[in-house]
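One structure below.
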Amino acid sequence: MAQQEPSYWLMKSEPDVYGISQLKKESTTLWDGIRNYQARNYMRTMAIGDKAFFYHSNCKPPGIVGIMEIIKLGLIDPTQFDPKSNYYDPKSLKEKPRWDCVELKYLGRFSEMLSLEEMRSIYTQEELPVIRKGNRLSILPIPTKTAKDILKRLGKFS
DNA sequence: GCCAACGTTGGC
DNA sequence: GCCAACGTTGGC
């Protein structure tokens, strides 16, 4: 079977908690701490080689700052079993973990960010679900057409 | 700091 | 299984 074209995603993180510069330094990271079933289920539909836009949330201004690649799937999120973690889930059982995650690789940071405000002025809600008001989901699919347009618009990344 | 949106919890 | 109460996210 021919290699499938990669899908594109948007993944949010607060820069104060984990920002793009930290990922650049570490090169790869486990995207742990997801405690929302819809976001988790999106991660479960990811494929190796898919690309994800890194979105800085809860900051000024919020927006897309870089791009990553999915390199590992279906990893158990270790923070669910760690009582000291903010993401500790006492209801999750070792023999039946509730939360899993993916591993990501840093691909680049855009020389200029694409702010939420700009995204709203360029795309419709159908083209880019994240701009819908009140969308709190931290992992969202991005239609391929929109993703390619964003990449073209942002041009080179470093 | 406010608050809209919305997911989760738990009593019934 | 409904739904009120509560908690969290995240833009503003």
Side-chain angles (χ1 to χ4, degrees), chain A residues 7-26 28-46 50-70 73-104 106-147 149-151 153-154 157:
Chain A
S7 300
Y8 292 87
W9 306 90
L10 180 137
M11 299 173 89
K12 298 184 191 174
S13 184
E14 301 188 18
D16 289 347
V17 179
Y18 191 88
I20 184 91
S21 49
Q22 230 170 315
L23 175 62
K24 184 177 184 178
K25 221 180 300 170
E26 296 175 356
T28 65
T29 191
L30 210 58
W31 203 264
D32 56 17
I34 298 298
R35 294 294 176 271
N36 171 288
Y37 288 106
Q38 216 180 326
R40 183 201 67 181
N41 292 344
Y42 275 136
M43 280 200 290
R44 289 182 174 178
T45 69
M46 288 176 177
D50 280 2
K51 307 278 195 294
F53 292 99
F54 197 126
Y55 179 96
H56 277 175
S57 66
N58 205 7
C59 59
K60 286 178 195 173
I64 289 173
V65 293
I67 188 151
M68 322 177 264
E69 182 177 336
I70 285 92
L73 306 169
L75 305 163
I76 292 168
D77 181 341
T79 61
Q80 67 193 306
F81 301 123
D82 178 5
K84 289 195 286 289
S85 169
N86 286 338
Y87 306 116
Y88 178 56
D89 182 354
K91 288 182 188 161
S92 185
L93 305 170
K94 278 262 185 195
E95 57 274 22
K96 202 186 171 198
R98 188 183 280 192
W99 307 108
D100 45 63
C101 56
V102 297
E103 190 173 345
L104 295 154
Y106 174 83
L107 289 187
R109 179 176 192 156
F110 299 116
S111 43
E112 283 179 58
M113 81 179 308
L114 181 63
S115 72
L116 178 59
E117 190 186 6
E118 290 170 298
M119 290 189 257
R120 286 212 167 106
S121 73
I122 300 165
Y123 305 107
T124 64
Q125 298 184 2
E126 288 70 36
E127 288 168 330
L128 190 58
V130 72
I131 62 177
R132 215 180 66 220
K133 196 183 168 219
N135 199 330
R136 304 182 307 152
L137 207 57
S138 64
I139 297 177
L140 287 164
I142 297 194
T144 301
K145 189 162 173 280
T146 308
D149 189 73
I150 293 172
L151 286 172
R153 198 174 286 276
L154 288 171
F157 46 82

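This one's a predicted model, so the numbers in the text were calculated from it and none came from an experiment. Every chain is numbered from 1 and lettered A, B, ... according to where its sequence line falls, protein lines coming before strand lines.
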Can you check the [X] [atom1] to [N] [atom2] distance for me, whole Å?
{"X": "A:M119", "N": "C:dG11", "atom1": "CE", "atom2": "P", "result": "9 Å"}
{"X": "A:I131", "N": "C:dT9", "atom1": "CD1", "atom2": "C1'", "result": "18 Å"}
{"X": "A:R35", "N": "C:dT9", "atom1": "CZ", "atom2": "P", "result": "11 Å"}
{"X": "A:Y55", "N": "C:dT9", "atom1": "OH", "atom2": "C1'", "result": "11 Å"}
{"X": "A:N135", "N": "B:dC3", "atom1": "CG", "atom2": "C1'", "result": "17 Å"}
{"X": "A:R136", "N": "C:dC12", "atom1": "CZ", "atom2": "C1'", "result": "16 Å"}
{"X": "A:K133", "N": "B:dA5", "atom1": "NZ", "atom2": "P", "result": "5 Å"}
{"X": "A:H56", "N": "C:dC12", "atom1": "NE2", "atom2": "C1'", "result": "19 Å"}

Stepwise side-chain hydrogen bond (donor to acceptor under 3.5 Å, both in side chains) check, A:R35 with A:S92: CA-CA 11 Å; A:R35 294 294 176 271; A:S92 185; over 6 Å; no
Looking at [X], I want to see if its [atom1] is surrounded by more than 12 non-hydrogen atoms of other residues, nucleotides or ligands under 6.0 Å.
{"X": "A:E112", "atom1": "CD", "result": "no"}
{"X": "A:I131", "atom1": "CD1", "result": "yes"}
{"X": "A:Q22", "atom1": "CD", "result": "yes"}

What's the closest nucleotide to the [X] side chain, out of [options]?
{"X": "A:R132", "options": "B:dA4, B:dC6, C:dG11", "value": "B:dC6"}
{"X": "A:K12", "options": "C:dC12, B:dA5, C:dG10", "value": "C:dG10"}
{"X": "A:Y37", "options": "C:dG11, B:dT8, B:dG10", "value": "B:dT8"}
{"X": "A:Q38", "options": "C:dG10, C:dG11, B:dG7", "value": "B:dG7"}

Residue met sooner reading DNA chain B from 5', once A:N58 and A:L137 are mapped to nucleotides: A:N58
Along DNA chain B (nearest heavy atom to each residue), the more 5'-positioned of A:K91 and A:N36: A:N36
Sugar-phosphate, base or nothing in reach of A:K60, heavy atoms under 4.0 Å: nothing
A:R120 vs C:dC12: side-chain N/O to OP1/OP2 distance below 4.0 Å: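 Yes, such a contact exists.
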Carboxylate-amine/guanidinium contact A:D149 A:R153, below 4.0 Å: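 A salt bridge is present here (some side-chain N lies under 4.0 Å from a carboxylate O).
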